Structure formats: C-alpha cells, structure tokens
Protein chains: 2
Amino acid sequence: MSVPSLRARVRAETAEEIRAIAKRHLATEGANLSLRAVARDAGLVPSALYRYFPSRDALLTALITDAYAALAASAKAAEAAVPRDDLRARFLALSHGVRSWALDHPAEYALIYGSPVPGYAAPPEMVGPASEVAVTLIGIVFDAAGRGLRPTIPTRPLPAATAADLRRLLDKSPGPKPAWAEPAPESVIAIGFTLWTQLFGLVTFEVFGRLDDLIDTRREYFEHQILVMADLAGLDAGPAPGDG
Amino acid sequence: MSVPSLRARVRAETAEEIRAIAKRHLATEGANLSLRAVARDAGLVPSALYRYFPSRDALLTALITDAYAALAASAKAAEAAVPRDDLRARFLALSHGVRSWALDHPAEYALIYGSPVPGYAAPPEMVGPASEVAVTLIGIVFDAAGRGLRPTIPTRPLPAATAADLRRLLDKSPGPKPAWAEPAPESVIAIGFTLWTQLFGLVTFEVFGRLDDLIDTRREYFEHQILVMADLAGLDAGPAPGDG
DNA sequence: CTCCAAAAGAAACACTGTCCACTTACAGAG
DNA sequence: CTCTGTAAGTGGACAGTGTTTCTTTTGGAG
C-alpha cells in the first residue's frame, strides 16, 4: 500500500480529469451540467462515469467542495499577504480575494452561494470548507477587539436569545477563547456576521448581474462599500511599523 | 373590444391556472420545474401548453414577474402601514416584509434572488418590478436626508467614478430631485445601496440555509442586524406625534 | 498462464423540452 | 342559417437527459 498501484493512479487521474471537464462545462454552459456531455468530452460512455461518481449529484458535490476550497484559498492567500497589524487591510484583502475569485468563476460561485440545489443536503464534512472565509473574517474582528479597536457606532445590545446563540457558537468552536471582557465576544461575532453578510451580499449582487445598468465602476464601488463596513466595525490600521 | 370574448376569457383563465399550478410545483418540487408535470396537473397534453407559453423559459419568466410583484407588494404594504415620520420603523417594516415573503415562498425567492438561470436575460420591462424594493428603500434614506438625519459614521467620500455612476442614476430616475445640498445625494444613494445589499444578504443567507446550525433565533438576529444598519444610516424615529 | 475484479461498453427505461401534422370547436362574415 | 378561418387541443415524434442492468474487455496478482 506504500505506493499506489498503477490502476489506482490512473483511476485518480481519470476522476480528476472528469472534475476538470465538468468545471469547464460549468464555466461555459452555465449551471445545467450534463453528465452525458462531460462523458463525451472525457471519451467515455455515460455509464462509465458511474464508476467514478455514484450520481450526478455526487459529481456536483465534488465540484462544490472544490469551489469552497478554491474560494477560501483565494481569500486566505490575499489576507495572509498583508501585515497582521493592519486589520483594515486584512479585511479589504480578504474581500477582494473573495470577489476576484467569484468574478473569475461565476458558475462555481453560483454553485456554492446561489440557489441551493433541490434535493441536495450538504454532507457534514462540508461545513468546514464552507465556513473558512467566515472564520477568517471573524478572526480579523477578534484580533481587532483584542487590540482594543471598537466599532464607531455605539454597540447595539444583542437580543438575549441571539446572544445565547452566538455564545453557544463560540463555546463550540475550537481554539483559545478571547481574553478580553469588553466588548462581549458575542457582540464581536455579531459584527463579524454583519461584515460577512455584506461581503457576500456585495459579491453575489455583482456576480449575479444585479448591478447591471446601475454601477459601472464595480471595483471602486465594491471597495467603497467594504470600507464603509470597515469603518462601521472600527477596523483600523495597526500601529506605525517598527512599533512592536 | 369593450368586453373580451368568451374565448379570450377562458384563455386568460387557463393561463392563470397554469401559472398557479407551476407555482405549486415550484413550492413543492423545488427549482426543477417540469413542463410536462405542469401540463399533467392542468389536464393538458404537453404540447398544448405551448399555446400559452412559447417555451419553458417563458413560463419561468412569467413566474419571475409574479414573484417580483408579490415580493414588492409584501414589502411596500408593510412599509406603508407605518407613520412616514418614523424612518427607522419604515425601514424595519420594509425589511420584515421582504423577509417574511421570502420565507413563505423560498422557491420563488430563489428564482429571483438566486443563481441566474443559464440562458435567461431579463426582459427590459422587468427592471421596474425588479427594483421596486430598492426604490422604496432609497426613498426612505432620501426622506431621512431631507429631514436632516445624518449617518452616525462620518460619511466616507465616494470614489469620483462611482459618484458619477450614482449621479447618472439619479439624473435618469424620474420624480423630483432632492432639494438639499448636504450631504451629496450620491452618498445618500450609496448608503441606500449599503442597506439594500445587507437586507437581501441577510434574507438570502437565511432562506438558503446558510444560518443553519449557526443561528436559531432567526427573527431576532435579523432584526438586530437590520437595526445595526439603521444605526449606521442614522435612520431615526421622527418627531413626537402631533408635531407637524 | 490463469483467474478475478475493476473498468468500460451497449442497450434499455423513464423522463425531459420542443416541434409538427392533424383534428376539433368556436366566433364572426355573408 | 351556413360557411370559413382561426384558435385550442391531440398524438406522435425527435433529440436529449440521468440511471440501471447486463455484457465485454482488460489489467494486475497469484
């Protein structure tokens, strides 16, 4: 079992090629992915595809997994390339990372952030990849809170029930707990959710054409709206370089 | 031509029944609407349906039009039931109107705010119904600006190009122009777009299941996030009643 | 070399949207 | 009233789909 057999390797290769072809079809044809068409392009008979994916939905699921991973990779790479002190720049980079991947892969983006597919229920192992961007974003607002940055708006008190929801979420998540007491971590998460919603709202509107005939300067508009949210959350540049 | 002929009346009736059946199918089956299944339920042979809708996409378009109208009706009715002085309550009512309709009609909501259908391009006569909610929302922030309400955050200057976009939009829109000079109407529109994006971002996340296992107290969470945006925009209750 | 299991193929089934030729039924003209 | 043109509805076909079953080929292990 040390080295995978030739059969196993060529099998993995074929599966990978099928995924690639399916992604190409998705990009050109749109959401209606035809199993038979990708089989044709793969030089296979339709039923042969069932040796690799038990159903069309399974192939779709594989593409969804890949899409989540690729989106998160784009977003996290952009965010990681920025000095960690500069909270505002980290949020901006993360946002642009999400947006640019989405614009480059609109069909795949629609697959993960568009209408849920009818009978499809996300397998439990998908919640990780699916929430990577949100987790990274929450990490930024947590860092900000840890550094004493405060929202520019007086923090609106959370409804008690929702605060309990968010606290439960915090307790369930791994990693060290926040060390500060003020503001309450729940309200920091709530602000993170605000940014998260706005970020994907902006991207979804742009990718799905809701800005057509309204906004021509897409990138400027996006950046402006993101910066407004950074203002709202009180995300600010860190101390001048050479301070630590 | 004064009174429609019997043939015309029964024809309109049949078309309406087809739409109703299609909506029922949409609600139960999800997005994959089968023309043949609709025809079966209507007691018709599949090809007979083509006397009423030239294609499946045309039927879909009819449903989309209805959905836009119904959503706008729900939102505007809720908004209109609130004293016009109370900008915050108007925004809150509009938001709840959008949310409750979306939750009651998730499949129809997905049709209009989910992934765009592959080959489909919205006909020009759809831009009106499609933007009714946004127009109403912009109306609220305009009213607020006219009454001297200001965002709680210092207004971030718009990028010049985007400001031009928004000004063009304002010039193109009918109705009286805003009478105040400060803040610039463009930045008021920009704030309206912020609220618009957040509103539909919140609703879409909830309807599409992105809040599953995260937030149980959906309504409280939604209202909190909406109120945060009202805070941001500086929407406030009007003067005490009996002031005008 | 033999044998077995994996991979690929062939064919069928039940669907789908769409088109075409044909029949039926009705509204209006003479 | 009859005649006629048009609209509505029927039946059948076509190409395409996802999926299953059975069969054939083929590659690797003993």
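Chain identifiers are assigned alphabetically (A, B, ...) following the order of the sequence lines, protein sequences preceding nucleic acid strands; residue numbering begins at 1 within each chain. What you are looking at is a predicted structure, and each value in this text was computed from that prediction instead of being measured.
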With A/Glu108 via side-chain hydrogen bond (donor to acceptor under 3.5 Å, both in side chains) - residues at least two apart: none
Contacts of type side-chain hydrogen bond (donor to acceptor under 3.5 Å, both in side chains), residue B/Arg99, not counting sequence neighbours: B/Glu206
Per-nucleotide protein contact string for nucleotides 7-19 of chain D (B base, S sugar-phosphate only, - none; heavy atom under 4.0 Å): SBBBB-B---BBB
Residue pairs, two or more places apart or on separate chains, that pass salt bridge (charged side-chain N to carboxylate O under 4.0 Å, His left out) and touch residues 121-131 of chain B: none
B/Arg219: salt bridge (Lys or Arg N to Asp or Glu O under 4.0 Å) partners, not counting sequence neighbours: B/Glu223
Donor-acceptor contact below 3.5 Å, side chain B/Ser55 vs main chain B/Ala58: yes
Bounds of contact between DNA chain C and chain B, in 5' to 3' order, using a heavy-atom cut-off under 4.0 Å: C/dT16 to C/dA27
Salt-bridge criterion met for A/Asp171 and A/Arg168 (N-O under 4.0 Å): no
Ionic contact status for A/Arg218 with A/Asp212, cut-off 4.0 Å: yes
